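Because only heavy atoms are used, hydrogens play no part in the values below, and waters and symmetry mates are left out as well, while side chains stay in. All values reported here derive from a predicted model rather than from experimental measurement.
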Amino acid sequence: MNIVIVESPAKAKTINKYLGPSYEVLASFGHIRDLPAKNGSVDPDADFHMIWEVDPKAAKRLSDIARAVKGADKLILATDPDREGEAISWHVLEVLREKRALKDQTIERVVFNAITKQAVTEAMNHPRQIDGALVDAYMARRALDYLVGFTLSPVLWRKLPGARSAGRVQSVALRLVCDRELEIEKFVPREYWSIVAQLATPRGDTFEARLVGADGKKIQRLDIGTGAEAEAFKAALLAAAYSVTSVEAKPARRHPYAPFTTSTLQQEASRKFGFAPAHTMRLAQRLYEGTDIGGETVGLITYMRTDGVQIAPEAITSARNVIAKDYGKDYVPSSPRMYQTKAKNAQEAHEAIRPTDLTRRPKDVRRYLDAEQAKLYELIWLRTIASQMESAELERTTVDIAARAGGRTIDLRATGTVVKFDGFLTLYQESRDEDSDDEDTRRLPAISEGEALERRDLTVTQHFTEPPPRFSEASLVKRMEELGIGRPSTYASILQVLKDRSYVRLDKKRLVPEDKGRVVVAFLENFFAHYVEYDFTASLEEQLDRISNNEIAWREVLRDFWRDFIAAVEDIKDLRVTHVLDALDEMLAPHIFPPREDGSDPRLCPTCGTGRLNLKIGRFGAFVGCTNYPECRHTRPLASGGEGESATRSLGVDPETGLDVTVRAGRFGPYIQLGEAKDGEKPKRASLPKGMTPGDIELDVALGLLSLPREVGHHPETGEIIKAGIGRFGPYVQHEKTYASLEAGDDVLTVGINRAVTLIAEKQAKGPGRRRFGADPGKSLGEHPTQGGVITVKNGRYGAYVSHNGVNATLPADKTPETITLEEAVGLIEARAAKGGGKKVKAKAPAKPAKKATATSKAAKKPTGDAAQAPAPKKAAARKAPAAKVSTSTAKKPAKAKSTKKAAGKAS
């Protein structure tokens with residue numbers, strides 16, 4: 001028997017059908033071990049000795065794999081063909097050696113860029129050994145992320161209470177968003193005027209021409225700066241005679257776009273469909289891992305984490321044949337198109353993202369996919385086919401016109417484009433990040449030189465220059481790629497972490513930095529400027545690539561980085577918080593204290609009238625306060641003015657009940673309410689999902705949230721109803737007693753039955769994940785709003801309960817740990833306390849002495865890079881069951897005393 005190891009059960013199921021009865025394909029469910037989230041996991045003093053900890057949820061799977069391997073003839077590691085895939089194979093192999101499951105079995109590593117029978121069979125015929133250089137690059141990246149997170153985050157906590165964490169790449173991406181916001185705030189609009197004449201040819205055809213010069217001088221877009229200047233030109237043009245001075249037509253060609261890389265796919269899916277990068281990658285993962293097409297399970301696209309733009313010769317041949325058959329030979333170029341990436345530091349280790357079989361047209365597979373998968377597959381198919389089509393042939397025409405009035409000549413110009421042969425444009429056009437009025441796309445009528453023209457209309461318009469737009473998720477990914485920040489496997493996770501940490505929020509599909517994010521970036525730019533520089537981060541990525549190519553030793557890179565980094569940390573340790581605040585107050589002044597319309601001092605305290613407002617730090621983060629404190633207790637959030645989120649906003653009327661639907665702010669956050677309280681009966685309410693702001697809410701969304709939990713459909717095996725709803729830990733789907741959290745990009749209001757069944761099956765395959773040792777440490781619901789201290793929900797011997805400062809309250813029958821909210825928990829705690837509730841829940845086993853809290857490992861495949869690199873504040877720590885720990889060193893190390901400071905949770 002040959003044992004094959006892959007990451008996911010879906011991939012295992014597909015490959016198992018290709019290989020036959022002599023193979024057994026098992027899934028690791030992603031990464032199986034990681035650096036424990038505590039001090040000492042990477043030890044710079046011991047040449048960066050690393051300690052790995054097996055994920056408790058992976059223990060059973062590893063035991064099953066070890067048991068299967070012991071009786072096998074061959075172990076084949078078939079994880080993904082990138083750095084992360086290589087690392088998973090290495091981790092599995094190391095754990096199997098620790099378990100002594102390997103004796104004389106043959107060990108092979110195989111990689112394939114597509115999950116098709118041909119690709120898998122070909123890979124099995126060409127095995128290799130694990131690539132040590134790729135593993136070294138993975139360890140260097142993981143160590144760097146850990147060292148930055150676990151060294152820098154505690155500094156943030158001490159100097160900036162309320163700050164969450166900092167990360168090596170995450171912080172640089174956050175800086176991009178914050179710098180753009182600062183640029184917008186500092187922007188000063190500039191007035192300018194445009195003058196456009198509507199003219200008619202002798203045949204009556206009309207077109208528009210724009211003023212471009214006067215009296216022999218060129219006039220640029222911003223040159224007419226006042227209404228008086230514009231009116232002077234208007235008066236002259238109203239009295240002028242118009243004639244064509246020249247007509248110039250030039251041929252042009254527009255070439256097709258390269259096939260998709262990871263970043264360009266994320267950008268285009270965001271522009272065309274509004275998909276978040278994480279959602280795009282999840283859909284692509286499903287297309288890659290395999291779908292049942294007419295009784296055959298097959299991967300529909302090639303590997304989706306790549307920065308390469310080239311495609312295989314056989315795919316090019318197939319694309320050219322499809323083009324000739326579907327569009328005709330005129331659309332097939334004389335020779336195949338070859339592409340090279342322009343992205344900084346691109347490795348181009350893999351093919352571009354393309355369909356595995358280009359003859360499998362979108363209409364042929366649509367019925368086997370859900371709607372979003374079908375959209376993404378069609379986008380990939382169109383882009384790939386278009387990339388091998390003939391160029392579009394255009395004719396760009398420029399018409400110069402003279403307007404003569406008295407002795408004055410004013411110049412106007414009209415431009416337009418005619419498509420002579422559409423080429424690839426018949427199939428595909430790339431969307432733009434910003435809407436623009438492109439005059440070159442206009443079509444002009446037939447015009448001859450020397451013709452007299454008639455003025456039909458004259459439009460004089462006032463404009464003001466606009467600041468650069470905020471980043472969308474697509475444009476931020478594009479900018480990160482241009483700067484060489486991050487890698488294909490990290491873009492989605494970086495964006496997700498920034499949103500999860502509440503450093504940024506999405507507002508009308510644009511990334512807006514939150515105050516806590518701006519404070520963190522301002523701190524880093526003032527005191528760790530070198531480490532949030534774009535060039536520095538890109539150069540570090542380049543060094544990691546050199547490690548992958550076996551050009552430099554990974555420990556050498558770590559030594560060079562650590563030497564300067566720890567020195568910078570030591571320099572700031574003794575810096576007083578007041579000095580930090582003064583620096584941040586000055587840097588954030590345009591944001592915190594924008595100029596007032598009446599010209600008065602924006603720092604003057606509005607309460608006492610004598611004090612000065614400045615930046616202060618409290619237990620829950622930064623705020624603005626008065627210098628006359630404690631006599632004057634005036635405070636406000638950092639951002640002043642604008643539309644507040646505390647006011648009640650009417651969204652409309654519920655058509656079923658006739659009641660008003662409003663969005664409101666409460667002490668537990670914004671929520672939706674139907675109607676008003678009546679006769680002591682509370683109105684129906686619904687919390688806003690994470691990442692959604694009151695400004696995003698419209699009536700249809702609000703009604704959908706109020707209808708939760710909703711029925712998704714019947715489970716195909718049990719016939720029982722599957723429900724979707726929102727609990728304290730976010731959106732979920734429920735089948736019987738199984739609750740599965742929705743993933744980033746899933747919409748609780750629209751998630752379908754196929755997706756719900758998949759999530760539930762994956763949750764059941766992973767098992768309940770309950771701890772085998774010690775009491776359940778529970779999950780935090782948040783701070784008690786009046787008494788302080790964390791409220792947790794736990795699973796006890798006699799059922800679930802909530803706990804706060806020794807007071808425990810059993811959950812009602814209709815509530816579960818997944819659905820209980822903080823507000824409901826506060827009510828249960830207060831009711832229990834009023835009855836004299838103590839520290840018991842009905843009945844309980846004798847309490848054991850509490851142990852020092854440690855961090856729990858993340859389950860399944862962990863996000864790469866910043867998504868799992870830094871700790872969260874100490875108070876979030878949670879106790880966990882003992883787990884196996886493995887060092888990267890082959891020789892045993894004596895135990896070394898470490899700091900007792902530990903931090904639970906991973907930061908970004």
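Between the side chain of Ser270 and the backbone N or O of Ala276, no donor-acceptor pair lies under 3.5 Å. The backbone N or O of Ala284 lies less than 3.5 Å from no partner atom in the side chain of Arg286, so there is not a single donor-acceptor pair. Using a distance-only test at 3.5 Å, with no hydrogens or angles considered, a donor-acceptor pair links the side chain of Glu229 to the main chain of Gly225. Proximity of a side-chain donor or acceptor of Ser472 to a complementary backbone N or O of Ser475 within less than 3.5 Å is detected. Formation of a donor-acceptor pair under 3.5 Å by the Thr302 side chain with backbone atoms of Ala352 is found in this model. Looking only at distances, a side-chain donor or acceptor of Thr465 sits under 3.5 Å from a matching main-chain atom of Arg190. The backbone N or O of Thr226 sits nowhere less than 3.5 Å from a side-chain atom of Glu191 that would complete a donor-acceptor pair. Formation of a donor-acceptor pair under 3.5 Å by the Thr384 side chain with backbone atoms of Arg354 is not found in this model. In this structure, Thr398 contributes its side chain and Glu248 its backbone to no donor-acceptor pair below 3.5 Å. The main-chain N or O of Ala446 is found under 3.5 Å from a side-chain atom of Arg203 such that the two form a donor-acceptor pair.
A donor-acceptor contact under 3.5 angstrom links the side chains of Arg337 and Ser391, judged on distance only. Side-chain atoms of Arg383 and Tyr257 form no donor-acceptor pair, as typed in the model, at a separation below 3.5 Å.
The heavy-atom pair separating Ile316 from Pro336 by the smallest distance is CG2-CB, 3.6 Å. Residues Tyr534 and Ile485 approach most closely at CD2-CD1, 3.9 Å, considering heavy atoms. Of all non-hydrogen atoms in Leu199 and Arg455, the two that sit nearest each other are CD2-CA, 3.8 Å. Nearest heavy-atom pair, Ala200 versus Thr206, reported as atom, atom and distance to 0.1 Å: CB-CG2, 4.1 Å. Ile184 and Pro469 make their closest contact through CD1-C, 4.4 Å (heavy atoms, listed as atom of the first residue, atom of the second, distance).
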Could you walk me through whether Leu287 and Leu369 pass the side-chain contact (heavy atoms from CB on, under 4.5 Å) test, one step at a time?
CA-CA 9 Å; Leu287 294 174; Leu369 305 173; 4.1 Å; yes

Report the C-alpha separation of Trp381 and Arg361 in whole Å, then their side-chain angles, then the decisive distance to 0.1 Å, and conclude whether the side-chain contact (heavy atoms from CB on, under 4.5 Å) test is met.
CA-CA 7 Å; Trp381 188 89; Arg361 293 163 175 82; 3.7 Å; yes

Please assess Lys218 against Asp223 for the test salt bridge (Lys or Arg N to Asp or Glu O under 4.0 Å), listing each intermediate value before the final yes or no.
CA-CA 9 Å; Lys218 288 185 178 180; Asp223 286 351; over 6 Å; no

Any chance you could lay out the side-chain hydrogen bond (donor to acceptor under 3.5 Å, both in side chains) test for Ser263 and Glu481, step after step, and finish with the verdict?
CA-CA 7 Å; Ser263 69; Glu481 184 182 39; 2.6 Å; yes

Kindly determine whether Leu379 and Tyr428 satisfy side-chain contact (heavy atoms from CB on, under 4.5 Å), including the steps that lead there.
CA-CA 9 Å; Leu379 183 67; Tyr428 185 86; 3.9 Å; yes

Applying salt bridge (Lys or Arg N to Asp or Glu O under 4.0 Å), run through Arg175 and Asp179 and close with a yes or a no.
CA-CA 6 Å; Arg175 182 191 166 191; Asp179 283 358; 2.9 Å; yes

Report the C-alpha distance between Arg271 and Glu268 in whole Å, list the side-chain angles of each, state the deciding distance to 0.1 Å, and finish with yes or no for salt bridge (Lys or Arg N to Asp or Glu O under 4.0 Å).
CA-CA 5 Å; Arg271 297 185 194 112; Glu268 193 70 344; 2.8 Å; yes

Check the pair Phe207, Thr201 against side-chain contact (heavy atoms from CB on, under 4.5 Å), reporting the backbone distance first and the verdict last.
CA-CA 8 Å; Phe207 63 97; Thr201 67; 4.0 Å; yes

How far apart are the C-alpha atoms of Arg180 and Glu183, what are their side-chain angles, what is the distance that settles it, and do they pass the salt bridge (Lys or Arg N to Asp or Glu O under 4.0 Å) test?
CA-CA 5 Å; Arg180 175 61 57 88; Glu183 194 176 350; 3.8 Å; yes

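The side-chain contact (heavy atoms from CB on, under 4.5 Å) with Val169 is formed by just one residue from the set Leu540, Ile494, Thr490; it is Ile494.
The CD atom of Gln266 sits 8.5 Å away from the OG1 atom of Thr261 when rounded to the nearest 0.5 Å. Of the inter-residue distances, the one linking Ile401 atom CD1 with Asp411 atom CG reads 10.0 Å to the nearest 0.5 angstrom. How far CG of Asp357 is from CD1 of Ile293: 10.5 Å, rounded to the nearest 0.5 Å. Once rounded to the nearest 0.5 Å, the distance linking NZ of Lys375 with CD1 of Ile380 reads 14.0 Å. Between the CG atom of Asp205 and the CG atom of Leu453 there is a distance of 11.0 Å, given to the nearest 0.5 Å. To the nearest 0.5 Å, atom CE of residue Met281 and atom CG of residue Leu376 are 9.5 Å apart.
By the 4.5 Å heavy-atom criterion applied to side chains, Tyr339 and Pro256 are counted as neighbours. Considering only heavy atoms from C-beta on, Asp422 comes within 4.5 Å of Tyr331 through its side chain. In this structure, Arg253 and Glu390 have side chains that are in contact, with non-hydrogen atoms separated by less than 4.5 Å. Put simply, the side chain of Ile224 reaches to within 4.5 Å of the side chain of Ile219, judged on heavy atoms. Between Glu473 and Leu506 there is a side-chain heavy-atom pair separated by less than 4.5 Å. The closest side-chain heavy-atom distance from Arg366 to Glu378 is below 4.5 Å. Counting heavy atoms from C-beta on, the side chains of Pro251 and Lys420 never come closer than 4.5 Å. Within the 4.5 Å cutoff, the side chain of Leu511 has no heavy atoms near those of the Arg470 side chain.
In summary, Glu372 and Arg282 do not engage in a salt bridge, as defined by a charged side-chain N under 4.0 Å from a carboxylate O. Between Glu181 and Arg510 no salt bridge is recorded (no basic side-chain N to carboxylate O distance below 4.0 Å). Under a 4.0 Å N-O distance rule, the pair Glu454/Arg456 qualifies as a salt bridge. The pair Arg755-Asp370 does not meet the salt-bridge criterion, since no charged nitrogen lies less than 4.0 angstrom from a carboxylate oxygen. Look at Lys499 and Glu514 and you find no salt bridge, because none of the NZ, NE, NH1 or NH2 atoms lies under 4.0 Å from a carboxylate O.
The ring pair (Phe, Tyr, Trp, His ring centres under 6.0 Å) test applied to Tyr327 returns no partner, not counting sequence neighbours.
Within 6.0 Å of the CD atom in Glu185, the count of heavy atoms belonging to other residues, nucleotides or ligands exceeds 12. With a 6.0 Å radius and a threshold of 12 heavy atoms from other residues, nucleotides or ligands, Lys272 has its NZ atom above the threshold. At most 12 heavy atoms of other shown residues, nucleotides or ligands fall within 6.0 angstrom of atom CD in Glu466.
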